[in-house]
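Each remark here refers to the structure printed beneath this line.
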Amino acid sequence: MALTRREFLEKAGAGTITVLGFSLLKIPGLQRVAQAAPAPAVAEIPVIWMATGSCTGCSVSLLNNAAPRIQEALLGEVLPGTHLSLQFHATIMAGQGEGAMETLRETVEKHRGKYVLVVDGATATNEDGLFCAIGETPDGQPITGYQHIRDLSRDAAVVLAAGACASFGGIPGAPPNPTGAIPVHKLLEQEEIATPVVNIPGCPPHPDWIVGTIAAYLLGGAAALKLDEHGRPGLFFGQLIHDNCPYRGHFDRGEFAEHFGDHGCLIKLGCKGPITMADCPIRRFNNGTSWCVEAGHPCIGCCHPEFPFEKSMFEPVLPETMQFPALYPTPESGQSTQANAGTYAAMGLLGAAGFLAGVGVTAAAKRLDEAKE
């Protein structure tokens with residue numbers, strides 16, 4: 001439920017650091033960052049949002065943020081003097097045509113090295129990137145998405161790849177990939193641009209992930225994000241979906257759904273929760289209402305670097321074939337290892353075996369008591 005301005009001020013007034021017009025204490029995981037960092041000196045945070053090859057789903061996700069509403073943050077109505085200054089967003093900004101492009105150029109000149117660049121969508125490279133063009137040069141030549149990301153990244157303080165497509169290529173980058181779509185980090189590698197890139201995957205990402213990443217970066221720099229090997233913030237992508245899944249108990253007991261609507265773990269229906277890092281089960285979507293698996297659908301792994309996967313997202317998966325991330329130590333060495341065929345399949349089998357053994361022991365004890373009587 002959206003908070004009124006008065007309600008939000010009451011909740012945020014007592015010692016709460018507010019960035020982008022959002023209370024950091026409303027985003028779980030940022031409390032420690034906020035407490036350890038001094039109050040930010042930046043009152044206005046210039047943001048350029050560039051969508052290259054996308055469906056605008058990531059923009060819709062951000063705009064649906066409920067507490068506080070995005071318009072309150074954009075207009076500085078939550079706490080005066082501290083707001084998200086969204087300078088350019090071709091989908092939602094009022095200005096169009098040359099006026100919008102002039103705003104983009106002025107923003108770069110005025111805030112060079114200080115603005116946050118958010119990239120939404122994968123970037124086409126084939127045919128000189130002409131599959132996506134945003135605006136024109138003074139002589140009437142189209143400016144491709146590739147040119148925008150390349151040039152804007154050089155002068156940005158940080159680049160946020162919002163969504164699966166910008167982070168890892170997503171659906172546009174999947175075979176046969178006729179446009180030659182690539183994620184942001186590969187584009188910057190090709191152009192030898194050193195600006196830090198933070199991947200915020202998801203199809204779409206949770207609005208907390210976008211807002212919280214910007215806030216954490218401004219409060220504590222890149223160190224506060226604790227990026228993993230795929231450039232994802234540990235605040236939101238530091239644990240397996242599988243570990244917090246409401247069906248985890250079914251997995252441990254070896255209870256697997258064979259068809260949609262069946263009771264049990266959804267791994268055999270293609271669930272990618274055991275290999276996908278995200279806090280979806282805890283945070284939930286639609287203002288904390290629900291999330292994919294809670295609605296009875298397998299996790300499609302949209303935060304995984306290999307999404308949408310070489311094979312069908314819904315192809316049946318046998319538990320013993322699942323390859324889990326290297327998170328769990330071996331008993332002998334204490335070093336992390338990739339789970340192999342038997343390790344996690346055995347968890348489910350052992351759970352079922354333990355249950356059956358318990359039933360057997362109970363039955364045997366009952367027969368013994370009857371014999372004694």
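Counting begins at 1 with the first residue of the sequence.
- We find that Arg105 and Glu102 are joined by a salt bridge, their nearest charged nitrogen and carboxylate oxygen being less than 4.0 Å apart.
- Aromatic pair His242/Phe251: centroids less than 6.0 angstrom apart.
- The main-chain N or O of Gln239 is never found under 3.5 Å from a side-chain atom of Asp279 such that the two would form a donor-acceptor pair.
- Taking 4.5 Å as the limit, some side-chain heavy atom of Glu191 sits within range of a side-chain heavy atom of Arg154.
- Judged by distance alone, the side chain of Thr125 and the main-chain N or O of Gly180 form a donor-acceptor pair under 3.5 Å.
- Remark: Lys272 is not positioned above the aromatic ring of Phe307, lacking an NZ or CZ atom under 6.0 angstrom from the ring centre and at most 45 degrees off the axis.
- We find the CD1-CH2 distance between Ile210 and Trp49 to be 4.5 Å, quoted to the nearest 0.5 Å.
- Minimum interatomic distance between Gly264 and Tyr247 (heavy atoms only, all atoms of both residues): O-CD2, 3.4 Å.
- Without hydrogens or angle criteria, Ser61 side chain to Pro205 main chain gives a donor-acceptor distance under 3.5 Å.
- Aromatic ring centres of Phe256 and His250: separated by at least 6.0 Å.
- Note on ring orientation: taking the six-membered ring where Trp is involved, the planes of Trp209 and Phe236 are tilted (angle from 30° to 60°).
- In this structure a side-chain-to-backbone donor-acceptor pair under 3.5 Å is present from Ser167 to Ala161.
- In this structure, Asn177 contributes its side chain and Ala181 its backbone to a donor-acceptor pair below 3.5 Å.
- A distance-only check finds no donor-acceptor pair linking the side chain of His230 to the backbone of Pro305 [under 3.5 Å].
- Here the CE atom belonging to Met50 is positioned 5.0 Å from the CG atom belonging to Leu152, to the nearest 0.5 angstrom.
- With Thr195 contributing its side chain and Ser153 its backbone, the two residues share a donor-acceptor pair below 3.5 Å.
- The local environment of CD in Glu127 is sparse, with at most 12 non-hydrogen atoms from other residues, nucleotides or ligands closer than 6.0 Å.
- Under the 3.5 Å distance criterion, the side-chain polar atoms of Thr52 are matched with a main-chain donor or acceptor of Gly121.
- Separation of atoms CZ (Arg232) and CD1 (Ile200) is listed at 12.5 Å; rounding is to 0.5 Å.
- Not a single donor-acceptor pair under 3.5 Å links the side chain of Ser54 to the backbone N or O of Ala51.
- Both Leu187 and Val197 sit in one connected hydrophobic cluster of ILVMFWY residues. Membership requires side-chain heavy atoms under 4.5 Å apart, directly or through other members.
- Here Ile300 contributes atom CD1 and Cys203 contributes atom SG; the two are 6.0 Å apart, rounded to the nearest 0.5 Å.
- A donor-acceptor pair is defined here as one N or O able to donate and one able to accept, closer than 3.5 Å; such a pair exists between the side chain of Thr137 and the backbone of Gln141.
- When all heavy atoms are compared, the tightest approach of Ala278 to Cys303 is CB-SG, 4.0 Å.
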